[in-house]
Protein chains: 2
Amino acid sequence: MPSVNQHLIARRLGISQSTVAGALANQPRFRLETRKRVLAEASRLGYRPHRFAQVMRQGRSGFIGMIQCAGHMQLSAQRSQLVAREVHGNGYQLLSSDAFWFGDEEKTACEVMIDACVEGVVLVSPTFSFDALRQAGIPVVALSGSRQPGAPQVRANIRQGMHDLTRHVIGLGRRRLALLTQWPLGPRDEAACYYVSERIEGFLEASRESGLGEGQAEVCIEDYSDPESNTYQVGKISMRKILERKRQPDAVLCSNDEWATGALAACKEAGVRVPEDIALTGFDNLLASGYGAVPLTTVAQPIEPMAKKAVEILLGQIRNGEGASPRKVIKMPCEVIVRHSCGSPRQEPDPITDPTRRMRS
Amino acid sequence: MPSVNQHLIARRLGISQSTVAGALANQPRFRLETRKRVLAEASRLGYRPHRFAQVMRQGRSGFIGMIQCAGHMQLSAQRSQLVAREVHGNGYQLLSSDAFWFGDEEKTACEVMIDACVEGVVLVSPTFSFDALRQAGIPVVALSGSRQPGAPQVRANIRQGMHDLTRHVIGLGRRRLALLTQWPLGPRDEAACYYVSERIEGFLEASRESGLGEGQAEVCIEDYSDPESNTYQVGKISMRKILERKRQPDAVLCSNDEWATGALAACKEAGVRVPEDIALTGFDNLLASGYGAVPLTTVAQPIEPMAKKAVEILLGQIRNGEGASPRKVIKMPCEVIVRHSCGSPRQEPDPITDPTRRMRS
DNA sequence: CTGTTAGCGCGTTCAG
DNA sequence: CTGAACGCGCTAACAG
């Protein structure tokens, strides 16, 4: 397709194609002058080697694939951007696609990758199993998302993040905590859904450590299965249910920032003040979270080091031929981002002297 | 690279490679039985044609490229998702990249596309000029973003959207309007920056139509050039400046939803109520905008028809060999989404009987 | 109806 | 030091 090829350069210089090939590869066996002439003519004509021909000849494509699930979510988008930078930094081209682009989800995405002869694939927040890739002998690494059979995974230490966040909230004097979370729609095996189960574990662990008793640390598992409604909406509806109760928590820990944003809206609607009446937290530290009506206290994942590590592992697999890390899981530490949605430290609220509780009828 | 090729199938069936090729292509000149046998053996061995070899032979790659600028922004991400679906629906593979992935911005992105022999490129919200593609003879279409020399563009009718929104706000009784907008950092020619100038025009036009006089429709052009700060932050800071004034507007129209969200936070900080004291609007109708503390009145672009149209035009260019639409601009209508941030219709506020003005000292 | 042959652009080997 | 020749996997024109 590129109209200017080695043959053309050769003809214009009155030499043979293979000489051009050798000169372009800077093989020392050619006279320096010849090499210079070839290079000059090549750049003058705007020569670019035909990648596809190179691939056919060399066997390796120089492509690394990236498949995201739900790249429209901000966190996923941030991750993929960092992966891309890392891939390019290592001299590869990136072929990216989104599983949601296709009707039949993961199947087509895998075929695209296989067809393009990618040397490896980074799965960004996968929600399906992409076993077809491994069966085709392509090295794979998962960056967050669900666990992939036989592939290493780099992910955040959700448990530690939730643990630290819970302790922070308790440290501010809150005593009736609720964790708002949701099982994913797909299969619920523990390994795949670590991001749910670790949130719960970290939450309960921190509560126990702080001496919170029965009913002081409640886990609310929402089973909201309408795939049409967006994440904010789910958070809003879930929070409404909590606000309808007789006895309300004084802190609600949401499983992500979108939920928390929706929950905030529900509070506002109901006349419940944040953080005075109820403390609210998110997870993931989205860009918007610091700039809403109530800046969110949340947990940040180390997305940059995570992306770096994932690509590093993949390249290791490609080079060492699968010899690197077989079924390893690398957990990287989260950090609590303190903003305004939990307020300042406060005493155990005295139900008699404290007039701030429950403004709604 | 794919270890199973036509040659292998041929050997196993005791026929020649070219027969296999013909049978796989379903050429009617072969016996039905032969074709069936070949197809069966092919699928049994998991044969997939080597795309790169096909490309070399046929000249066409079956790839369509997509370059986004700032794919981490939600609107851009939504657009690219729709483009992807459209591209696949037309039997092409999508090769996508983000100009921000590379250090040197557009240059590498173009090279990637050229190297991959894409047959055309959709530019999603481009902020640079991607002339290198056109120079390489690759058909291009821009979806929103800045105008590309010699390439058709599909974009929203920003002017009409802003016009309708302004009329809506005025219709609710607001009389001191401010439009908050910003010139992009790059070159400021009108054609490229229509999304700024059309906002201004639509705003002023609607104001004039409604009989608003001097000082009742103000355009505030922020020149905030710190590339580090995010969009929400810019909106917040810009709004703060307005709130510091002696005489404040009673409606602030922000140039996008992120700005409006940041502006909302600034109001909250300053004790200014939305919509009671100040009406606030956004633009783009992001997912979050309906679920914040104050659901945003905003303008929705018809992103789905836009994506469809852009791909349709590109395919036309590819097929008809540049003959389709040379330097056409297709504008598609926007729709005002009414939520809560402008409140209900109200009388001209009476400064004496109305106690709601300006709570801050 | 089937097989032989040529060549897409590149990199490598082997003669000269 | 240089060029001729080959083959990666595939398609298409042509010969049997």
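Just so it is clear: chains get the letters A, B, ... in the order the sequence lines come, proteins before strands, and each one is counted from 1. These numbers come from the heavy atoms of this one structure, side chains and all, not from hydrogens, waters or symmetry mates.
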For F63(A) and F52(B), take the angle between the two ring planes, folded into 0 to 90°, and tell me which bin it lands in: parallel under 30, tilted 30 to 60, perpendicular over 60.
perpendicular

Can you name the closest pair of heavy atoms from A156(A) and Q301(A) and give their distance?
CB-OE1, 3.5 Å

Show the nearest heavy-atom pair for residues F130(A) and C110(A), with the distance to one decimal.
CD2-SG, 3.6 Å

In whole angstrom, what separates [X]'s [atom1] from [N]'s [atom2]?
X      : N       : atom1 : atom2 : result
R11(A) : dG9(C)  : CZ    : P     : 11 Å
F52(A) : dG7(C)  : CZ    : C1'   : 18 Å
L8(B)  : dC10(D) : CG    : P     : 10 Å
M56(A) : dC8(C)  : CE    : P     : 13 Å
R31(B) : dT2(C)  : CZ    : C1'   : 10 Å

SG of C117(A) to CZ of R51(A), rounded to nearest 0.5 Å, is 11.5 Å

E304(A) side chain to L82(A) backbone, donor-acceptor under 3.5 Å
no

Has S146(B) got a side-chain atom pairing as donor or acceptor with P126(B)'s backbone, closer than 3.5 angstrom?
yes

Nucleic acid footprint by protein, nucleotides 10-16 of chain C - heavy-atom cut-off 4.0 Å, B for base, S for sugar-phosphate alone
BBBBB--

Salt bridge present between E41(B) and R44(B) (N-O < 4.0 angstrom):
yes

Charged N to carboxylate O under 4.0 angstrom, K309(A) versus E312(A)?
yes

Would you say dT2(C) has OP1 or OP2 under 4.0 Å from some side-chain N or O of T34(B)?
yes

Phosphate oxygens OP1/OP2 of dG3(C): is one of them under 4.0 Å from a side-chain N or O of T19(B)?
yes

Inter-axis angle, terminal five-pair segments of the helix from dC1(C)-dG16(D) to dG16(C)-dC1(D) [nearest 10°]
60°

